Amino acid sequence: MLLVVDSLVKRFGGLVATDNVTLAVPAGQIHAIIGPNGAGKTTLLSQLAGELRSDAGTIHFDGEDITALPAHIRAARGLARSFQINSVFKDFTALENVALAIQVHEGHCFRFWGQVAKDAALQSAALGFLAQVNLEERANIIAANLAYGERRALEVAIALASRPKLLLLDEPTSGMGANESAEIVTLLAKLKRTLTILLIEHDMNAVFALADRITVLVYGRTVAAGSPEEIRANTDVRRAYLGEDEDF
Amino acid sequence: MQSRTVVAAVIFTALALVPSVATALNQSFYIDVGIRILIFAIAALSLDLILGYGGMVSFGHAAFLGIGAYAVGILAYFGVHNGLAQFVAAIVVSTLAALFIGAVSVRTTGVYFIMTTLAFGQMLYFLAVSMSKFGGDDGMNISSTSDFGGWLDLHNPIVLYYTCFCFLLGFAVFSDRLVGSRFGMVLRAIHMNEQRAVAIGVGSFRYKLTAFVISGAMCGVSGALLANQALFVSPAIMHWTRSGEILIMVILGGIGTLFGPIIGAVVYLLLESTLSRITEHWEIILGPFLIIVVLFAHRGMLGWIAERRRAPTK
C-alpha cells in the first residue's frame, strides 16, 4: 500500500469535518473520493497534504508515518497536490511554472547566479510536462492570461513536474467544458499505472471511467467504499448522495 | 535590446559622468550629493530585493545602515582604521543582525512583518542612543576615513564617489542575476503564492530568511560608506523615519524593478537638496509628488517609463 490512512479525525470547534476516515491506496491505482458538498473531501485532502494538522489518526505514506510532517517535506517525499481553485504562479509563464516545480524537485535552489531562462535542460524538461497536458504551444504565456481550462491543465502539469509518487487531485475538471474535461480524463487514464492518484471529483462520468476504488464521504464519515460496480449498486449511497432516482 | 537594459545603461552612464560634469561646472558640491545618492541607492536596491521579489515590507531597514556605519565608527574609536577590517566587520555584523531579526520576523507576514521589523529597528535605535561611550544621542565623529593603504583614498570625494559607484553597480548586477536564478524564482514564487510553493515542496522560511540576510548585508555596506562620507555617525541614521525614506525611494522608483529604486534615490535626494533650500518644510511638496506617482504610475517611475516605451508598439 502506498497510502494508508487510519481513523483520521479533524474537528473545527464542534464540527467534525473528518470523522474516523480509514482508507488504503495501493500503488498504481486511482482512488476516487466522492460525496455531496460539505462532505469534508477537501479537508481530508488538506490533511493528507499536510496543510491541516489532524486531531487523531495516522497517515502512512510509502511505509513511513508522515502524520506529523509539514507540507513541504511531504511534497518533497513525493506527495503532490493540485487545488480545487486555480492555484498557479500567475506572474510566471506556463513554462516558468513547470520549471519551478522541476527545480524544487531536483533540490538545487540555492543557486544565485545561473539564469533559469538560459538553463536548456530545465526548459526542455518543462516543455515535456507541458506537452503532456497539451500546453506546449502556450509555454510562454503568462499564467494569468491563460484560459480557465488551460490553467487547470497547467495545475496538473505543475503537480506532475514534481514527479510525485502520489498525486492528490482536487476536482481537476471543475469549471471545465465537456471537451476540456474529457481531455483531462484521457490524460489521467494515460497516467494510470505509472502514477498513483487520489482524486476528488464531482463529475461522475469521470469518476466511474477512471477509478479503481471509490470512497463515499458524507458529513466527514465514510458511508461506503468499494469498486465502482459496488458503489453503483449500493442503495445507501444512492439514497445519501446520488439520489434515488438518478440513473447512472 | 530590452527596455530594462537600456534604462540600466542610461542610469549608470549618467551616474558615472556626475564627477566630471560637477568638476567642469566647478560645482564640487554635487559630488557630495552624488555620493549620498549612490549610498542610498544601495540601501533602496537592497530593500527592493526583499520587498519587490519576496513581498517583505521591511520598515526597519535603516537599522542595517546604522549597523554598517557604527561598525566603522566604533572600530575607528578604538584606533582600527584598516578599511578591510572595517568593511568586513560591517558586513559580518549586519549579516548576523539580519539573521537574528529575520529569523524572528520572516515567520510573520503582512502588517505583522512590518511591525516586527519596525520594532527591531527602533530597538537598535535606542541601543545606539544609550551607548554614551560612543556619543549617545549626539553621535560621534570619526577621525578619518577607512584606510585602504595607498591605493584607495576615500578622503578624496571623487575616489569615494567611484567606490560607491562600483559597489552599487556590483550589487545591481548581482541582484539582477539573483532574481532570475533558481533561488530568485523560488523567492518570487513564494511571494506570488506561498501555499502553492509549499505544495511543490518549498520550505519557504529558509528562502525568505536567506534573501533577508543578503539584503541586510548589502544595506550594511551602504552604512559603512555613509560613515566614510559623513565622518560622523549618530542614532538618527537608524530612526524609523529613515527606514521610511528608503521605503519611499523604492516606491517612487518602482517596487520589484531593481533599477527603479536607484532612480527613486536620485529623485528623492535631489528633491530634498533643492527643495530644502527653498523651505524647511520641503516634504509638503514631496508628499503630493509621491501621491501622484503612486496614483498614476503603476510600478513607480521606472514602470511609467517602461509603459511609455512599450505604448507605440501596441
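In this text, all values refer to a predicted model and were calculated from it rather than measured experimentally. Chain naming here is simple, since letters A, B, ... match the order of the sequence lines and numbering starts at 1 in each.
Using a 4.5 Å cut-off between heavy atoms, Leu187(B) does not touch chain A at all. At a 4.5 Å heavy-atom cutoff, the contact between Leu122(A) and chain B is made by side-chain atoms alone. Proximity to chain B is limited to the side chain of Phe83(A), based on heavy atoms less than 4.5 angstrom apart. The contact between Asp119(A) and chain B is made entirely by side chain atoms (from C-beta outward), counting heavy-atom distances below 4.5 Å. Heavy-atom distances place the side chain of Thr210(B), and not its backbone, under 4.5 Å from chain A. For Ala49(A), no part sits under 4.5 Å from any heavy atom of chain B, backbone or side chain.
Heavy-atom pairs under 4.5 Å with chain B were tallied for Gln103(A), Lys118(A), Glu155(A); the largest tally goes to Gln103(A). Chain B forms more heavy-atom pairs under 4.5 Å with one residue of Gly50(A), Cys109(A), Pro164(A) than with any other, namely Cys109(A). If you tally non-hydrogen atom pairs under 4.5 Å between each of Gln115(A), Arg77(A), His105(A), His108(A) and chain B, the highest count goes to Gln115(A). When Ser162(A), Ala101(A), Gly114(A), Ala161(A) are compared by the number of non-hydrogen pairs under 4.5 Å with chain B, Gly114(A) comes out ahead.
Under a 3.5 Å cut-off, the side chain of Gln86(B) and the backbone N or O of Gly68(B) do not form any donor-acceptor pair. Panel note: side chain Tyr53(B), backbone Gly256(B); a donor-acceptor pair is recorded below 3.5 Å.
Taking all atoms of both residues into account, the shortest heavy-atom contact from Asp65(A) to Ile59(A) is OD1-O, 3.3 Å.
Arg188(B) has no carboxylate O lying under 4.0 Å from a charged side-chain N of Glu96(A), or vice versa, which leaves the two without a salt bridge.
You'll find the ring centres of Phe113(B) and Phe59(B) outside the 6.0 Å limit.
Rounding to the nearest 0.5 Å places NE2 of His31(A) at 13.5 Å from CG of Leu210(A).
Side-chain atoms of Gln84(A) and Ser174(A) include no donor-acceptor pair closer than 3.5 Å.
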